[in-house]
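Everything below concerns the one structure shown next.
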Amino acid sequence: MNDQRSAAGAAAAAEQAVAVAVPEVAPALGDAAGPARPKGRGAALAPVALVVAGGLSVQFGSAVAVLLMPKAGALGVVTLRLAVAALVMLVVCRPKLRGHSRADWGTVLAFGLAMGGMNTLFYQAADRIPLGAAVTLEVLGPLALSVFASRRLINVVWAGLALGGVVLLGGGGFDRLDPVGAAYALGAGAMWATYIVFSARTGRRFPQADGLALALVVAALLSLPLGIMESGSKLLVPSTLGLGAAVALLSSVLPYTLELMALRRLPAPTFAILMSLEPAIAATAGFLILDQALTTTDALAIALVIGASMGAVRSQTRRLRPRER
């Protein structure tokens, strides 16, 4: 049962990412998920708690990855995470390799490239700048995709608010942050937007979580030479392998499961808004595990980006909400 939930959760993850970054598809995803309308305050809060728990799992998994970087290097951590996640998904999903067109394989290849690039760039950023700052800059990619996809004037306002947060985070420039780390985080955001586009296309071409499993294999194979070049035999140290498996489980398997359980009872637009809290969760994980303290300016900058993300999602879903008859 747990394996089945993990597979289904992985399948839902791509849809949820689209809902977060491209709010206009969120109502449709919510209908597809078929969330029940629970009665009672406790029942209403339960799926929210599951989403928050999933976000905590992802970001604390990222914090564990940062702790692992001195042993395995940033590229080595990416290799361990993707390889373990790919193995788990292959065992759970057992994707079929026959019956797919050349266009299908091209889509899953692009999806895997985007996934590998997103993870590689993000961990390079997390190795150089605080985790909260890295996630804040990364989330600008999906936010930009949302703004461009909606083509509404109000979303330009949200984009400006997010830009203000980024300027604050950089102290008026990026002098206070490692400029290379900031550039990696922005690159990861661009790859996240690309990941979202191809995750949706892959979901339409492959049944269940088959496309995600195959894309993970592509990403793992692409990252493997980089991880070996950087870390070599260090990747085979039992303690390193154990921590790498923990990162894969915390950042992939567990949140997929929790998010699927939540979406069974939670509308996708609400899920999208909750996902906008990721930078704050990342900053908390960085403070508790990595001793990365935030200044008042940093906290205000992260709050501005969170507010921009939530505003973009809410304005889009409000426009698309069907009128009462």
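Residue numbers count from 1 along this sequence.
The side-chain heavy atoms of L90 and R94, taken from C-beta on, include no pair separated by under 4.5 Å. Using a 4.5 Å heavy-atom cutoff, the side chains of V64 and L250 are in contact. Inter-residue side-chain proximity for L216 and M115 is flagged as met; some heavy-atom pair is nearer than 4.5 Å. Looking at E138 and W192, their side chains come closer than 4.5 Å, going by heavy atoms from C-beta outward. Under the 4.5 Å side-chain criterion, counting only non-hydrogen atoms from C-beta, F206 is not in contact with L212. L82 has its side chain within reach of N119: a pair of non-hydrogen atoms, C-beta onward, lies under 4.5 Å apart. In this structure, the side chains of S62 and F122 come closer than 4.5 Å at one or more pairs of heavy atoms. Looking at W105 and L214, their side chains come closer than 4.5 Å, going by heavy atoms from C-beta outward.
Residues that satisfy the side chain to side chain donor-acceptor pair (under 3.5 Å) test with Q59, not counting sequence neighbours, are E278. Considering only residues two or more places apart in sequence or on other chains, R205 meets the salt bridge (Lys or Arg N to Asp or Glu O under 4.0 Å) condition with D104.
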Evaluation steps, side chain to side chain contact (heavy atoms under 4.5 Å, CB included), between I129 and Y184: CA-CA 10 Å; I129 62 177; Y184 276 129; over 6 Å; no
Pair L80-V247, side chain to side chain contact (heavy atoms under 4.5 Å, CB included): steps then yes or no: CA-CA 8 Å; L80 288 173; V247 170; over 6 Å; no
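For S231 (side chain) and I228 (main-chain N/O), no donor-acceptor pair under 3.5 Å exists by modelled atom type.
Contact record, L68 with G244: CD2-N, 3.7 Å, taken as the closest heavy-atom pair. Closest of all the heavy-atom pairs between L75 and E230 is N-OE1, 2.9 Å.
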